[in-house]
J.: 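Got a structure for you, questions after.
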Amino acid sequence: MRPRKGAPDTFDVGGLRHTLLRLKSGDEDHVAVPIFDRQLEFARAGARLIAKATRIIAVEGNYLLLRRAPWSDLSGLFNITLLIETSADVLREPLTAR
C-alpha cells in the first residue's frame with residue numbers, strides 16, 4: 001500500500017479505536033500509544049506512554065471526522081471535535097516538502 005501511503009484505507013483505524021477505548025476507560029495506569037516519526041516516515045508502536053491521570057488528550061488527523069466506516073465509528077469517542085479549514089495552497093506546501 002506504499003503508493004497510497006496517507007490515504008484513509010492505509011491507517012489502522014481499528015487499532016486507533018481500541019487505543020481510544022482503553023484511554024477512555026481509565027482501567028490501566030498507562031497505555032502505550034504509537035507516534036509517527038517524521039524523520040523515519042514510519043509509525044513507531046508503543047513509543048509513548050499516556051498515564052491514567054492524563055485528563056486531556058488531543059488526537060489529530062486528516063480523517064478523524066470522515067463520515068464513512070470505519071472512521072465514523074470513532075466519533076462517539078471524542079468529547080470535542082474541531083475542523084480547521086484552509087486553502088489547498090496552504091496544505092500543498094508542507095505535503096510537497098515531505
Side-chain angles (χ1 to χ4, degrees):
M1 298 191 78
R2 189 177 274 291
R4 293 192 33 81
K5 184 178 177 181
D9 58 328
T10 64
F11 290 87
D12 179 11
V13 184
L16 173 59
R17 186 174 188 282
H18 180 71
T19 300
L20 292 173
L21 286 168
R22 288 176 64 199
L23 290 164
K24 198 166 185 91
S25 76
D27 294 337
E28 302 169 64
D29 289 337
H30 293 88
V31 176
V33 299
I35 62 167
F36 190 81
D37 188 321
R38 284 273 170 229
Q39 291 181 340
L40 298 175
E41 285 296 311
F42 191 76
R44 297 185 323 168
R48 179 164 294 137
L49 292 176
I50 298 180
K52 180 179 186 174
T54 304
R55 302 307 324 147
I56 297 173
I57 299 170
V59 181
E60 66 85 20
N62 293 336
Y63 307 116
L64 295 173
L65 302 179
L66 199 59
R67 291 184 181 145
R68 70 173 199 232
W71 293 97
S72 56
D73 298 335
L74 300 176
S75 64
L77 299 174
F78 304 126
N79 296 94
I80 298 171
T81 58
L82 301 168
L83 174 64
I84 300 172
E85 293 189 41
T86 190
S87 71
D89 292 335
V90 171
L91 294 172
R92 189 173 292 111
E93 186 177 330
L95 292 173
T96 303
R98 279 194 233 146

J.: Can you give me the closest heavy-atom contact between Pro34 and Ala45, atom names plus distance?
T.: CB-CA, 4.0 Å
J.: Linking I/L/V/M/F/W/Y whenever their side-chain heavy atoms sit closer than 4.5 Å, directly or via other members, would Val59 and Leu65 fall into one cluster?
T.: no
J.: Cut-off 3.5 Å, no hydrogens considered: what does the side-chain donor-acceptor table look like for residues 69-85, sequence neighbours left out?
T.:
unit_1, atom_1, unit_2, atom_2, d
Trp71, NE1, Pro8, O, 3.4
Ser72, OG, Ala69, N, 3.3
Ser75, OG, Ser72, O, 3.1

J.: On a heavy-atom basis, which atom in Ile35 and which in Ala47 lie closest, and how many Å separate them?
T.: CG1-CB, 3.4 Å
J.: May I have the list of side-chain donor-acceptor pairs in residues 11-22 shorter than 3.5 Å, sequence neighbours left out?
T.:
unit_1, atom_1, unit_2, atom_2, d
Asp12, OD1, Gly15, N, 2.8
Thr19, OG1, Gly15, O, 2.9
Arg22, NE, Glu28, OE2, 2.9
Arg22, NH2, Glu28, OE1, 2.6

J.: Specify the closest pair of heavy atoms between Gly46 and Ala32, including all atoms of both residues, with the distance to one decimal.
T.: CA-CB, 3.9 Å
J.: Is there side-chain contact between Leu49 and Val31, with at least one heavy-atom pair below 4.5 Å?
T.: no
J.: What distance separates Arg38 CZ from Phe36 CZ, expressed to the nearest 0.5 Å?
T.: 5.0 Å
